[in-house]
Amino acid sequence: QVQLVESGGGLVQAGGSLRLSCVVYGRTFSYYAMGWFRQAPGKEREFVAAVSWTGTTTNYADSVKGRFTISRDNAKNTVYLQMNSLEPEDTAVYYCTTGRRPTSGIRPSDFDSWGQGTQVTVSS
């Protein structure tokens with residue numbers, strides 16, 4: 001059974017930074033793309049970032065380009081999301097997810113297993 005465990009969320013002031021981590025258990029981590037989505041209260045879950053199996057190809061939502069960086073360490077079965085210059089609009093529950101293929105997609109259907117989520121709150 002695949003299990004994803006996220007950590008690193010919290011409360012931060014606007015302009016601050018956080019780094020999210022997600023460890024994957026029960027799957028050959030290095031074979032598949034990884035992604036991050038987020039969901040704010042009253043809104044649909046939205047794509048944030050994704051990285052290919054080698055870590056060489058990344059995709060970002062327009063709203064986070066230039067501020068967020070996704071990366072992975074295949075030796076540690078871990079994917080990261082470095083979030084800088086945070087804005088109140090970034091407040092959401094952030095979810096880590098495993099891709100269905102080695103290359104990254106941006107739709108929820110491109111991913112299968114999901115973590116429980118970690119709360120990120122940005123105060124103004």
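Values in this document were obtained by computation on a predicted structure and should not be read as measured data.
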Listed by chain and number, what are the side-chain contact (heavy atoms from CB on, under 4.5 Å) partners of R100, not counting sequence neighbours?
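Here the qualifying residues are D112.
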
Can you list everything that forms a side-chain contact (heavy atoms from CB on, under 4.5 Å) with S85? Sequence neighbours excluded, please.
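Expected list: R67.
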
Could you check if a side-chain atom of [X] sits within less than 4.5 angstrom of a side-chain atom of [Y], using non-hydrogen atoms only?
{"X": "V93", "Y": "R38", "result": "no"}
{"X": "V24", "Y": "Y32", "result": "no"}
{"X": "R101", "Y": "D110", "result": "yes"}
{"X": "Q119", "Y": "T91", "result": "yes"}
{"X": "V64", "Y": "M83", "result": "no"}

Restricting to non-hydrogen atoms, name the atom on [X] and the atom on [Y] that form the minimum distance, rounded to 0.1 Å.
{"X": "S52", "Y": "T103", "value": "CB-CA, 4.4 Å"}
{"X": "A14", "Y": "S124", "value": "CB-CA, 4.3 Å"}
{"X": "K65", "Y": "Y60", "value": "CE-O, 3.4 Å"}
{"X": "S104", "Y": "A50", "value": "CB-CB, 3.6 Å"}

Given the side-chain rings of F68 and W36, with only the six-membered ring counted for Trp, is the space between their centroids under 6.0 Å?
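Between F68 and W36, the centre distance exceeds or equals 6.0 Å.
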
Donor-acceptor check, side chain of [X] to backbone of [Y], threshold 3.5 angstrom: yes or no?
{"X": "R45", "Y": "Y95", "answer": "no"}
{"X": "T56", "Y": "T54", "answer": "no"}
{"X": "T69", "Y": "Q82", "answer": "no"}
{"X": "T98", "Y": "M34", "answer": "no"}
{"X": "Y25", "Y": "N77", "answer": "no"}
{"X": "Q1", "Y": "G26", "answer": "no"}
{"X": "S30", "Y": "N74", "answer": "no"}

Between [atom1] of [X] and [atom2] of [Y], what distance do you get to the nearest 0.5 Å?
{"X": "Y94", "Y": "E6", "atom1": "OH", "atom2": "CD", "answer": "12.5 Å"}
{"X": "R72", "Y": "W53", "atom1": "CZ", "atom2": "CH2", "answer": "9.5 Å"}
{"X": "T78", "Y": "L4", "atom1": "OG1", "atom2": "CG", "answer": "10.5 Å"}

Of all residues at least two apart in sequence or in a different chain, which pass the side chain to side chain donor-acceptor pair (under 3.5 Å) check with T57?
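So T57 forms no side chain to side chain donor-acceptor pair (under 3.5 Å) with any residue.
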
Is [Y] reachable from [X] through a run of I, L, V, M, F, W or Y residues, each pair having side-chain heavy atoms under 4.5 Å apart?
{"X": "V120", "Y": "V79", "answer": "yes"}
{"X": "F47", "Y": "L81", "answer": "no"}
{"X": "F111", "Y": "V51", "answer": "no"}
{"X": "F37", "Y": "L86", "answer": "no"}

